[in-house]
Amino acid sequence: MDRFILFQSDWALHRVRPSLKERACFTIWIDGATNSDDEIFLKAKHLSTHPDNIALLYHSPLQRVVSRAVYHEIYEKSLRECFEGTNDLQIMLASHYQHLKQIQANAALM
């Protein structure tokens with residue numbers, strides 16, 4: 001079954017899974033403006049259930065911040081599968097755990 005998938009990776013939680021069949025992947029990184037602190041750091045105003053704030057979480061870099069905590073076990077599993085047998089595994093796990101620690105320190109999120 002031939003497939004072509006195109007998506008903005010910062011809008012869709014995704015991961016590459018092992019395959020039993022041959023496949024090809026072509027990735028393009030399009031660099032643009034760097035996210036500002038206002039776009040990537042959660043603030044009290046973002047934690048309101050106001051519809052505008054909920055929509056913002058769906059379509060902003062903030063959703064990546066939150067999703068990493070919500071799906072922390074999947075992130076860890078993916079890192080282990082991707083970096084197993086390399087020296088980078090411990091570096092990537094340490095970075096992930098540090099990110100979780102910062103989120104868990106925010107009482108409003110827990």
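In what follows, residues are counted from 1 in the order of the sequence shown. Because the structure is predicted, anything quoted here is derived from the model rather than measured.
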| Does Tyr71 OH have over 12 foreign heavy atoms under 6.0 Å away? |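 12 or below, so no.
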| CD (Glu84) with more than 12 external heavy atoms under 6.0 Å |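 Count not over threshold, so no.
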Closest non-hydrogen atom pair, [X] against [Y]:
X	Y	result
His96	Leu79	CB-CD1, 3.8 Å
Arg80	Leu89	CA-CD1, 3.7 Å
His99	Arg68	CD2-CD, 3.0 Å

Between [X] and [Y], is there a shared hydrophobic cluster once you connect ILVMFWY residues whose side-chain heavy atoms come closer than 4.5 Å?
X	Y	value
Ile74	Phe83	no
Leu93	Ile91	no
Ile103	Tyr75	yes

| said: Within this structure, what is the NZ-CZ distance for the pair Lys21 and Arg23, rounded to the nearest 0.5 Å? | reply: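 Rounded to the nearest 0.5 Å, the NZ-CZ separation comes to 12.0 Å.
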| query | Atom OH of Tyr97 and atom NE2 of His72: how far apart are they, to the nearest 0.5 Å? | reply |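 One finds 10.5 Å between OH of Tyr97 and NE2 of His72.
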| said: Check Lys77 with Glu73, please: is the shortest side-chain N to carboxylate O separation under 4.0 Å? | reply: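 A salt bridge is absent here (no side-chain N lies under 4.0 Å from a carboxylate O).
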